[in-house]
2 protein chains.
Amino acid sequence: MAAAKRRPRPRLEEVAKLAGVSKMTVTRALNEPHKVAAATRERIARIVKRVGYTPDLTARGLTLQRTGLVGAVVPLLTNSLIAEIVQGLSDALAVHGYQLLVGASGFSARGEEAIVRAFLSRRVDAMYLTGITHTKATREMLARAGLPVVEGGNLTRRPLDMLVGYSSKDAAALVTHHLFDRGYRHLGYIGAWPRDNDRARDRRRGFAHACAAVSLPRDDSWYVDTDLALPAGAAAMATLLDRHPDVDAVFCSADALAVGAMLEAQRRGLAIPDDVAIAGFDDLDLAAQMVPPLTTLRVPRYAIGERAGAMIADRLAGRPMEAPVVDVGYTFVPRATT
Amino acid sequence: MAAAKRRPRPRLEEVAKLAGVSKMTVTRALNEPHKVAAATRERIARIVKRVGYTPDLTARGLTLQRTGLVGAVVPLLTNSLIAEIVQGLSDALAVHGYQLLVGASGFSARGEEAIVRAFLSRRVDAMYLTGITHTKATREMLARAGLPVVEGGNLTRRPLDMLVGYSSKDAAALVTHHLFDRGYRHLGYIGAWPRDNDRARDRRRGFAHACAAVSLPRDDSWYVDTDLALPAGAAAMATLLDRHPDVDAVFCSADALAVGAMLEAQRRGLAIPDDVAIAGFDDLDLAAQMVPPLTTLRVPRYAIGERAGAMIADRLAGRPMEAPVVDVGYTFVPRATT
DNA sequence: ACGGGCGATGTTACCGTTAACATCGGCGCT
DNA sequence: AGCGCCGATGTTAACGGTAACATCGCCCGT
């Protein structure tokens, strides 16, 4: 808006003067109305409305030593899985009057560290971190700050504080065993870069362990690591098919990759699952709609964010918590691609 | 983190005492290092590091009268188009040291109003709003506050302040004319609910005007309004096909809907585009990957957010702006579904 | 009639930082 | 040698609220 010759924003003092009372009475009328006489309260309310007074939460935060802000560090916003977690978090926190500050780390622990540092300077009341991989400096800063922290999306025996997640490794192993049980023996793997991404890393490990468990040796040529994006999934599928024309089933660490892989297979005239089977991970809306519908693993993505938000709100309100670590589990969803 | 018997967070004063100087010298050492003697500066730096001092941006914001926060109001976070805009915004602002506060309005002008109110209380330095549809109260609050505001995603002759967008209406008309030129005469429309969503509304209008321009009367039965989600697109396609088995082309106001529609058509054994043609809008990654590749309209989604962020940063830094209104345009991308 | 208590309101100080102005010593210039 | 200026640092007050304690009538019970 044009920087006109506007009046300065009205402050508590201005309202107080107009109402003929002290600042304290106004602040009470707004925050603890029952402590103020009805007549006074209404007079103040009228003036507040007339001058358009809005309390300054920055100043309030300074005295109360809490800002009402919660910071969320996510790898990126453009992934629908992550977006749903953030949406759940945002919704759950909004209910309790908290607001969400988001930072995108770009799948880098260093990036996360920078964002955590910035959030701490902002004096956020709590933080949500994606995953369990953090730099030493991040862990130290958080320990020193001593605020509620929820790590989301994975499990660990030593969480920083609270945690909401599920075992990517077990889930991936489950899917892999399913492929084996269905009779596939030439298994390929397409996954997101595992560096600084513990979910991707654990899915990869889950796949590897399951293969080992059924004595199916997989050398590196059966793995393709790539960006977490649909076209990258297609490109990875192309790579894998070129390397191993005999591949008969591919496990993809994310539905976005699996869909890319399916479409690449279709372009090559391969029938799914007869020529090549494909399994995904996440159960995006798209998975059930695909033709044929994609076998995948459902994770309660919105619920992860929602639960994390509720845990943060509980803790900040001093309410007792049931458990600081919540395993939200996963559900295998066999469909027609395997 | 456990609420242990931690020391209180170190303040400027503590650092000052340990360094044997005044608070002012410490704050200078941090913000205007050249004004402090090298020896003093280094001593302070050492102590800052040792005690883990982090400046309190809440307090700084109070004196400086600027918080370094920018608020973004979006309908929801789980749509990839929107997510990319937010990502662009976040990236552009991060470069200049601003942090992003996000709020989800749920495609409601009332919801937007509540979020704007909250952002103003937070004393954000600027705001990004999705679309050009706002309540009267929202417009008044923003006018009164007088901060930089960017509206994104559409065009209007009377922006609140700055704007980055493109004409949804013209773009939709362009696609519609393309369908007509390709010989299709039984055109259907699938779009997101137009209420409080001016992009959806304008796309719908663009389609309607283009049909009228070529004397192709379309009564309401040719329109299906629905949620902005892939399964909803499939369901809408089913509705449309049941209502009008003779429909030969469908324009979808978003790629997510178009993909849903394509998959529904495939499930019904309809060949695309021979039995039914489908056009989308947005050019998601998925569009080019589909089999057959989806005809759509590309909008520079990341660039909208990035540009909006840059405009906000410029304005807040007092840099002169080129133009307060930027039409980022769009590109028609004919592919194989039409 | 008087003391106690309570409801309504006011006063003071502080949250952590920075702008603005003040101070102080030394160095260069004439 | 004296003056002025400048670099380095300190002091004061303010940003806009709120906690904690103080004050002041008034009503009630005995």
Side-chain angles (χ1 to χ4, degrees), chain A residues 7-45 47-48 51-69 97 118 120-125 145 147, chain B residues 7-45 47-48 51-69 97 118 120-125 145 147:
Chain A
R7 265 179 317 202
R9 226 191 284 276
R11 289 157 303 157
L12 207 48
E13 183 149 30
E14 183 171 339
V15 176
K17 213 164 281 174
L18 289 172
V21 295
S22 72
K23 293 194 298 176
M24 242 356 259
T25 303
V26 179
T27 204
R28 278 200 197 98
L30 295 171
N31 300 327
E32 307 161 297
H34 64 279
K35 289 194 178 177
V36 174
T40 316
R41 199 193 314 141
E42 280 158 28
R43 185 156 32 100
I44 290 174
I47 292 169
V48 162
V51 304
Y53 170 76
T54 347
D56 185 325
L57 297 187
T58 300
R60 175 180 292 170
L62 193 56
T63 42
L64 296 187
Q65 292 295 305
R66 47 194 182 74
T67 55
L69 291 175
L120 287 176
S121 261
R122 291 259 170 234
R123 301 297 187 252
V124 296
D125 291 339
L147 40 70
Chain B
R7 264 180 318 201
R9 226 192 283 278
R11 289 158 302 158
L12 208 46
E13 183 148 32
E14 182 172 339
V15 176
K17 213 164 283 176
L18 288 172
V21 296
S22 71
K23 294 192 296 178
M24 244 355 261
T25 302
V26 179
T27 204
R28 278 199 196 98
L30 295 172
N31 300 327
E32 306 161 300
H34 64 279
K35 290 193 177 176
V36 174
T40 316
R41 199 193 313 141
E42 281 158 28
R43 184 157 31 101
I44 290 173
I47 292 170
V48 162
V51 303
Y53 169 76
T54 347
D56 185 326
L57 297 186
T58 299
R60 175 181 291 171
L62 192 57
T63 42
L64 296 186
Q65 292 294 303
R66 46 195 182 75
T67 54
L69 291 174
L120 287 176
S121 261
R122 290 261 170 234
R123 302 297 188 252
V124 297
D125 292 338
L147 40 71

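The figures that follow rest on heavy atoms only: side chains count, while hydrogens, waters and symmetry mates do not. So you know, we letter chains A, B, ... as the sequences are listed, proteins then strands, and number each from 1.
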| query | Given atom CE of B:M24 and atom C1' of C:dG16, what is their separation to the nearest angstrom? | reply | 13 Å
| Residue-level proximity of residues 31-42 of chain B to DNA chain C when a heavy atom falls under 4.0 Å | B:N31
| Are B:R28 and B:V21 side-chain neighbours, meaning at least one heavy-atom pair lies under 4.5 Å? | no
| field | Beyond-backbone contact of A:L69 with A:L57, side-chain heavy atoms, under 4.5 angstrom | value | no
| Within the pair B:Q65 and D:dA14, is there a side-chain N or O less than 4.0 Å away from OP1 or OP2? | no
| query | Between C:dT17 and B:T63, is there an OP1 or OP2 to side-chain N/O distance shorter than 4.0 Å? | reply | no
| said: According to side-chain contact (heavy atoms from CB on, under 4.5 Å), who are the partners of B:K17, at least two apart in sequence or on a separate chain? | reply: B:E13
| request: Give one of base, sugar-phosphate or nothing for B:T25, where a contact means two heavy atoms less than 4.0 Å apart. | output: sugar-phosphate
| said: Need one value for B:L12: base, sugar-phosphate or nothing, where a base atom within 4.0 Å counts as base even if backbone is also close, heavy atoms only. | reply: base
| Do A:R123 and C:dG16 share a donor-acceptor pair, side chain to base, under 3.5 Å? | no
| Quick one: does A:R9 reach the base of D:dG16 with a side-chain donor-acceptor pair under 3.5 Å? | no
| field | Candidates C:dA19, D:dG17, D:dA19 - which lies nearest the side chain of A:Y53 | value | D:dG17
